[in-house]
2 protein chains.
Amino acid sequence: MKDGVYTQFARIGKAVAAPKRIELLELLCQGPRTVEALADQAALTVANASQHLKVLLASRLVDAQKQGLFVEYRLADEGVLRFVHAMRELAEARFAEVGAIMQAYLKARGKLERVSGEELMQRVRKGEVTVLDVRPELEYRAGHIPGARSVPLSELKRQLADLPKNREIVAYCRGPQCVMAIEAVELLRKRGFRAQRLEQGVMDWRARGWKIEKSASED
Amino acid sequence: MKDGVYTQFARIGKAVAAPKRIELLELLCQGPRTVEALADQAALTVANASQHLKVLLASRLVDAQKQGLFVEYRLADEGVLRFVHAMRELAEARFAEVGAIMQAYLKARGKLERVSGEELMQRVRKGEVTVLDVRPELEYRAGHIPGARSVPLSELKRQLADLPKNREIVAYCRGPQCVMAIEAVELLRKRGFRAQRLEQGVMDWRARGWKIEKSASED
DNA sequence: TGTATATTCAAGTAGTCGATTGAATACTAG
DNA sequence: CTAGTATTCAATCGACTACTTGAATATACA
């Protein structure tokens with residue numbers, strides 16, 4: 001009996017034993033995706049991605065739902081999000097490597113200051129800052145930080161004219177491992193804006209139980 | 001770069017991808033152990049246990065420390081305990097199997113009532129109950145619930161005479177998957193005691209941040 | 001109906017992992 | 001130093017895994 005229980009536990013472990021599956025999971029933490037989108041973003045062949053997703057499905061960490069021509073995968077529930085988050089925190093605490101890799105990257109990029117969530121919410125409430133969600137619009141629609149404005153990185157250059165020059169701008173993306181916000185802040189600063197990067201991404205935001213806003217359109 | 005990060009993350013996943021390693025981890029959640037003790041309790045050969053422990057060591061989830069003739073393994077820190085706990089919660093929520101296996105067992109044993117932690121602490125404070133730690137004494141010394149008395153399951157029969165007949169008794173062991181407390185309660189009831197089982201084990205107790213008492217002796 | 005598209009299935013290969021065995025290493029006690 | 005003990009190392013075998021390739025389903029649209 002005891003053996004059976006641990007075997008069940010290990011199903012969770014096996015699901016997160018492959019780097020690519022963790023990458024897929026983190027992508028799914030940002031919202032539902034089709035197989036193709038996931039394959040694309042994780043640099044996998046579609047067949048291979050499908051196979052990994054099948055494993056995640058078998059471990060009940062994700063759900064799949066056929067939407068017409070596409071199959072949409074999503075996290076099974078918020079508990080999975082918390083688990084992934086706990087795992088990331090443990091990994092970061094345990095492996096200097098992870099922190100080091102990120103820090104080296106951040107340093108090379110010129111030490112962009114990071115803004116914390118509590119800090120941000122206070123300033124948002126006072127109307128002191130403009131919050132930018134620089135992820136693709138689809139991800140924005142799946143859920144975003146209250147008050148954030150969707151300006152996908154790819155659109156940023158075109159929308160520069162609409163942004164306030166004298167107000168502070170805080171950009172965020174998927175999370176600490178995502179570099180979209182970093183690039184956005186770089187661009188903004190080059191153009192003379194006062195821009196900073198939000199330390200957390202949407203995933204951490206949710207994991208901490210802070211509110212998420214959903215767009216009415218779609219789904 | 002991104003690939004490297006996820007590879008690091010996966011090291012944690014790989015560490016908990018094997019049932020036996022999870023079993024070892026849960027044993028270590030109850031306190032430091034030597035290789036031999038772990039091998040014994042997890043029903044592994046010593047060499048095999050050593051190998052698994054090496055994997056856990058490489059993933060930084062545990063630490064090893066040479067104590068004279070023995071090597072003592074222990075959790076790297078409390079964060080690991082929280083992680084293991086989060087993983088168990090996820091597994092239990094996700095796999096009906098785990099819950100079902102346990103419930104079937106509990107039912108077959110005659111529906112022993114379960115006592116919750118908050119409930120227990122209130123009654124302990126009022127001096128209404130006697131709390132028994134039925135794990136091996138070594139585990140008791142490594143840490144136990146405040147006010148608990150060490151009566152290893154193997155010693156229970158011999159110490160029956162010392163237990164109060166008219167006071168309520170609450171027994172606990174390692175955790176939900178551990179059956180020592182169940183057996184203890186059964187025995188006590190057969191002998192006419194008013195006995196109940198504490199829902200949590202030491203591990204859950206700690207994970208919730210409740211206090212743990214340590215014996216002064218050893219280490 | 002036929003064609004295009006998204007996803008899954010099936011089979012094959014190279015590589016990894018878990019368990020076993022027997023030897024090697026480190027420490028203790030006499 | 002020698003004998004004994006706890007642990008690890010090294011080599012092996014069978015099982016499993018990730019990824020690739022090419023074919024098979026299933027749905028949408030014309």
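In what follows, chains are A, B, ... by sequence order, proteins preceding strands, each numbered from 1.
Residue B:N48 places its side chain closer to C:dT20 than to any other of C:dT8, C:dT20, D:dT8. In the set D:dT17, C:dT20, C:dC9, C:dT20 carries the atom at the smallest distance from any side-chain atom of B:Q51. Side-chain proximity of B:T45 to the nucleotides D:dA26, C:dT20, C:dG18 is greatest for C:dT20. Candidate nucleotides C:dC9, D:dA6, C:dA19 were compared by shortest atom distance to the side chain of A:A47, and C:dC9 ranks first. Of all nucleotides listed (C:dC27, D:dT7, D:dG22), C:dC27 comes nearest to the side chain of B:K66. Nearest nucleotide to the side chain of B:L69, out of D:dG4, D:dA26, D:dT20: D:dG4. Side chain of A:E36, nearest nucleotide from C:dT8, D:dT8, C:dA6: C:dA6.
Ring geometry, A:Y140 versus A:H144: the interplanar angle falls under 30°, so the pair is classed parallel (tilted spans 30 to 60°).
One atom, NE2 of B:H52, and another, C1' of D:dC9, lie 16 Å apart when rounded to the nearest Å. For the pair B:Q67 CD and C:dT28 P, the computed distance is 11 Å after rounding to whole Å. Atom CZ of A:F70 and atom P of D:dC29 are 10 Å apart (whole Å). A:L57 has its CG atom 13 Å from the C1' atom of C:dT7, to the nearest Å. Look at CG on A:D40: it is 17 Å from P on C:dT5, rounded to the nearest Å.
Looking at heavy-atom distances under 4.0 Å, B:A17 makes no contact with the nucleic acid at all.
OP1 or OP2 of D:dC16 has not a single side-chain nitrogen or oxygen of A:K14 nearer than 4.0 Å. At D:dT7, none of the side-chain N or O atoms of B:S50 fall inside 4.0 Å of OP1 or OP2 (strictly under the cut-off).
Side chain to side chain, A:Y172 and A:D133 meet the donor-acceptor criterion of an N or O pair below 3.5 Å.
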